Amino acid sequence: MAPQHDDRHAAVIREVGVRLSAAGVPSAEVDARWLVDHVVEVAGDPVGCGAALLDGLVARRVRREPLQQVIGRTWFRLLELRCAPGVFVPRPETEIVAGLAIAAARDARARRAAPAEQASIRVVEACTGTGAIALSIAVEVPDVDLVAGDIDAVAVELATANLARVREGVAGAAMAPGTSVSVVTSELLSGVDPSWRGHLDVLVANPPYLPAGDRATWEPEVADHDPDRALVGGPDGHEVVDALLELATVWLAPGGTVILEIDERRGADALGAANAAGLTGSRIERDLTGADRAIVARRPRAPRPPAEPTAC
Ligand SMILES: C[S@@+](CC[C@H](N)C(=O)[O-])C[C@H]1O[C@@H](n2cnc3c(N)ncnc32)[C@H](O)[C@@H]1O
């Protein structure tokens, strides 16, 4: 429940809002409220014993550190997740991507009716960052064996800490029955057990997908605080998306689903890459702003027939 504000708190929120606004912080008043609420929660009073804490947090936000890193947490679907400097802050639009993966995992589970078949659903999240997508699946879908990987050691440490909070029951939602998660250091799928190759029900990722040339357009919160490796997919931007679509063709089980967040400007490129890789049923899903946000595709159930030789 949001803390109640008395007149003193309201005055502090106004003062903080003025400081943030003067520093060019977008949504200064909303951020001021978050910062004061955070201090009330952890120190009890933003004027007395919490004043020094509040001052330090406001100074960080004035330097355009993302709000979520300043208060050390964010909310993603059902979960409250820890955030930390050096790790990409989960974005609201990625909740849609997690939702698509959850739907695909539930669908796979519903189809896994025959007792002789492998009991659990196998899901891999590449490029996990805080673990937001993987942990959302873990609390929303039963009977999943889940591996979440990231190339970055700081991200792996944070995702592991967030996993521990879910297991301890202090992250807002509990692990679904029969579901297990492991967090691994992994360049794309290199850290996943090779015996899972060809057996994944779902492969999901929000990979780096921006072109290097975009850097000049980023707000300071992104340019100075999100790690470059989390954002830039390569000179063209699409390199990691292309690589994951290729990996999907060998790591997914026949009929398995790949879901990747994409650059809203690259929907046609993502569809072209999925089709060229031999995936089937490719479609683009939009986010709540109407922007192209994810590609969803499947590994074909039957092997593709060899191409017919042409007559001339
Ligand atoms: C856009 S962030 C997404 C983080 C998280 N999944 C989310 O949606 O909030 C991309 C993540 O991919 C990781 N990454 C970048 N290149 C990678 C690679 N080749 N293999 C594995 N992880 C990679 C980065 O360290 C970063 O954590």
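Heads up: numbering here begins at 1 and tracks the sequence. Counting starts at 1 for both ligands and their atoms, in listed order. Owing to the predicted nature of the structure, the values given are computational and were not obtained by experimental measurement. These values consider heavy atoms only, across backbone and side chains, with no hydrogens, waters or symmetry-generated copies.
- Between the side chains of Ser186 and Asp150, no donor-acceptor pair of N or O atoms lies under 3.5 Å.
- Checked by atom type, the side-chain pair Glu93/Thr289 shows no donor-acceptor distance below 3.5 Å.
- Applying the salt bridge (charged side-chain N to carboxylate O under 4.0 Å, His left out) test to Arg286 and every residue at least two apart in sequence or in another chain returns Asp292.
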- Check step by step if side-chain hydrogen bond (donor to acceptor under 3.5 Å, both in side chains) holds for Ser180 and Asp145. CA-CA 5 Å; Ser180 68; Asp145 282 343; 3.1 Å; yes
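- Looking only at atom types and distance, the side chain of Glu125 has a donor-acceptor partner in the side chain of Thr128 under 3.5 Å away.
- At a 4.0 Å heavy-atom cut-off, the residues surrounding ligand 1 are Phe88, Pro90, Thr94, Glu125, Cys127, Thr128, Gly129, Asp150, Ile151, Asp152, Ser186, Glu187, Leu188, Asn206, Pro208, Arg229, Ala230, listed by chain and number.
- Smallest separation of non-hydrogen atoms from His225 and Gln69: O-NE2, 3.7 Å.
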